[in-house]
Amino acid sequence: MNTPAVRRPNRALWRGAHLATLRPDRPWGWIPDGAIVTEGERIAWVGPAAALPAGLAVDAEHDWGGGVVTPGLIDCHTHLVYGGNRAREFELRLQGASYEEIARAGGGIRSTVQATRDASDAALLDATLGRARVLLREGVTTVEIKSGYGLSQADEARCLRVARAVGERLPMTVRTTALGAHALPPEFAGRADDYIEALCDWLPGWQAEGLVDAVDGFCEHIAFSPAQIDRLFSRARALGLPVKLHAEQLSNSGGTALACRHQGLSCDHLEHLDDAGVQALAAAGTVAVLLPGAYYFLRDTHLPPVAALRAAGVPIALATDHNPGTSPTLSPLLMMNMACTLFRLTPEEALAGFTRHAARALGLHERLGQLTPGRQADWAHWAVDHPHELAYRFGHSPVCRVVRAGQPVQEVLA
């Protein structure tokens, strides 16, 4: 009896550009005049073109024609699914109203909740796909999409289904995060503990439907207390779901230490993080996700402790935090620039924040975030001479090609 031959995945050679692999053992993971060999969806070989294995047989060969290739960008904190906008609140803040004042007056997250509940499934999906395509055209191959604007069992599930549909319709890896603990819905007014209990009851059903990759919460005096978040996270961890947290954005609530006790993937915002929080992140290996778009848009003046995070060896990721109220941007490159100009990250740290460390913030660091053998063949090809130009430029994107899972992404070329 003949044993059928095992057919190897298609092998392709890609060369003709410099590589910023983001390997941590050399600056930028830099390989001048590099080459990549892919087999199917994976990277099989990376190195200088002059060191390609002798006698290499490939099914296809691609010439980049110059420029720089980096790992595909990873936007590890977004709120892409929502209805309406909050441009009027932008005006109110410029006139002196604070974020907290607007939220307490019924604006903020609650106003977006109403607009989201009122939107049809088709309208939500269409709007979310449009936002995701903008990210894709700026080199993003992986995106985390949170719920958090439904705040009911049915509407949160609806938002998570829309997020899942993005990954089915577009050539992007999508990670979904249940952010039911984003704000207190009107039907639970004055009953925050009851709402947290309801979220704990809803989680198993969402998980059984395959809608949830992680659980998030907003730990803040205008949202939920550490004790309430602790109850939610305990339930999530009992279900085997990883957690992450909006922490220390407006005040130092101690949310970071709480998330780290639950082995949190990341703590995000962190403008009011203290030394104890920094040490908790370092000890837990939890990623600090900085969100310069929200810092800028809210005209914040309290900087996250970048020097302390750096000194403690805490991985620092960046994200757009795209949302209608505090960071309506869809530009990772602008966020890199802001991280450098506002937070004093280096351009290399900024790129690592949207690749290697962003992958860790999603629990995908063994699969994505670097151009190394075994990882998924996701990359962006840029019409630049050096990767430091990515943080230097803003207002336009020099991306010319995107590849995900070894296949060119046609949306970028359209």
Side-chain angles (χ1 to χ4, degrees), residues 9-54 56-74 135-142 171-173 331-333 336-337 346-356 358-359 368-394 396-414:
N10 286 339
R11 181 183 293 157
L13 170 63
W14 311 72
R15 61 180 171 184
H18 304 311
L19 305 182
T21 69
L22 271 294
R23 279 179 47 176
D25 58 347
R26 67 186 78 168
W28 304 94
W30 186 245
I31 300 176
D33 190 17
I36 298 176
V37 177
T38 58
E39 290 189 355
E41 298 182 353
R42 300 287 172 177
I43 296 173
W45 185 91
V46 179
L52 278 163
L56 177 69
V58 298
D59 303 297
E61 187 167 342
H62 306 271
D63 186 352
W64 284 309
V68 171
V69 172
T70 72
L73 302 187
I74 299 169
L135 292 174
L136 186 59
R137 289 170 187 148
E138 199 160 310
V140 173
T141 54
T142 299
M172 302 179 83
T173 298
S331 175
L333 298 188
M336 289 187 205
N337 180 273
T346 68
E348 184 178 359
E349 287 174 327
L351 182 56
F354 265 104
T355 52
R356 187 172 73 237
L368 300 169
Q370 300 179 49
L371 298 178
T372 53
R375 283 179 166 80
Q376 187 164 295
D378 290 9
W379 62 73
H381 175 210
W382 310 88
V384 299
D385 296 322
H386 192 278
H388 59 209
E389 293 182 54
L390 301 181
Y392 161 74
R393 300 173 184 271
F394 62 94
H396 66 98
S397 173
V399 71
C400 47
R401 295 183 186 87
V402 172
V403 165
R404 178 185 175 266
Q407 296 297 317
V409 173
Q410 298 304 317
E411 279 84 353
V412 177
L413 306 177

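Partners of S397 under the side chain to side chain donor-acceptor pair (under 3.5 Å) rule, at least two apart in sequence or in another chain, do not exist in this structure. The ring pair (Phe, Tyr, Trp, His ring centres under 6.0 Å) search around W28 returns H386, not counting sequence neighbours. Residues satisfying the salt bridge (charged side-chain N to carboxylate O under 4.0 Å, His left out) test with E349, not counting sequence neighbours, are R310. With sequence neighbours excluded, no residue forms a ring pair (Phe, Tyr, Trp, His ring centres under 6.0 Å) with W382. Scored by the side chain to side chain contact (heavy atoms under 4.5 Å, CB included) test, V68 finds H18, A20, W30, T70, V384, P387 as partners (sequence neighbours excluded). Under the side chain to side chain contact (heavy atoms under 4.5 Å, CB included) criterion, R375 pairs with Q370, T372, sequence neighbours left out. Residues satisfying the salt bridge (charged side-chain N to carboxylate O under 4.0 Å, His left out) criterion with R42, sequence neighbours excluded, are absent altogether. Checked against side chain to side chain donor-acceptor pair (under 3.5 Å), T21 has no partners two or more places apart in sequence or in another chain. The side chain to side chain contact (heavy atoms under 4.5 Å, CB included) test applied to P48 returns I31, A51, not counting sequence neighbours. Considering only residues two or more places apart in sequence or on other chains, F394 meets the side chain to side chain contact (heavy atoms under 4.5 Å, CB included) condition with L334, N337.
Side-chain atoms of R11 come within 3.5 Å of backbone N or O of A57 as a donor-acceptor pair. At least one donor-acceptor pair under 3.5 Å links the side chain of R401 to the backbone N or O of W64. Checked by atom type and distance alone, the side chain of H381 never pairs as donor or acceptor with a backbone atom of G65 at under 3.5 Å.
Side-chain contact between L371 and W379 is present, with at least one heavy-atom pair separated by less than 4.5 Å. By the 4.5 Å heavy-atom criterion applied to side chains, P398 and R393 are counted as neighbours. Between V403 and W14 there is a side-chain heavy-atom pair separated by less than 4.5 Å. A heavy-atom distance below 4.5 Å is not found between the side chains of V46 and V37. Side-chain contact between P171 and Q407: absent, with no pair of heavy atoms (C-beta onward) separated by less than 4.5 Å. M172 has its side chain within reach of V140: a pair of non-hydrogen atoms, C-beta onward, lies under 4.5 Å apart. Residues T173 and R404 are in side-chain contact: their nearest non-hydrogen atoms beyond the backbone lie under 4.5 Å apart.
What you find for P53 and W45 is that their closest heavy atoms are CD-CE2, 3.9 Å. Across all their heavy atoms, G353 and A358 have their closest contact at O-CB, 3.4 Å. The two residues P71 and L22 make their nearest non-hydrogen contact at CD-CD2, 3.8 Å. Contact detail for A17 and G67: the closest heavy-atom pair is CB-O, 3.4 Å. The nearest pair of heavy atoms linking A35 to A49 is CB-CA, 4.0 Å. Residue P332 comes nearest to L135 through the heavy atom pair CD-CD2, 4.2 Å, listed as atom of the first residue, atom of the second, then distance.
Sequence neighbours left out, the pairs with a member in residues 14-32 that pass salt bridge (charged side-chain N to carboxylate O under 4.0 Å, His left out) are R15-E61, R23-D25. Applying the salt bridge (charged side-chain N to carboxylate O under 4.0 Å, His left out) test to every pair with at least one member in residues 376-386, sequence neighbours left out, gives no pairs at all.
Within the model, atoms CG of L333 and NE2 of H396 stand 9.0 Å from one another, a figure rounded to the nearest 0.5 Å. Separation of atoms OG1 (T346) and CG (L351) is listed at 9.5 Å; rounding is to 0.5 Å.
In this structure, E41 places its CD atom where only 12 or fewer heavy-atom neighbours from other residues, nucleotides or ligands lie under 6.0 Å away.
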Just do the side chain to side chain contact (heavy atoms under 4.5 Å, CB included) check on V409 and L136 with the steps written out, would you? CA-CA 9 Å; V409 173; L136 186 59; 3.6 Å; yes
Working note: T355 + L73, criterion side chain to side chain contact (heavy atoms under 4.5 Å, CB included); need CA distance, chi angles, decisive distance, verdict. CA-CA 5 Å; T355 52; L73 302 187; 4.0 Å; yes
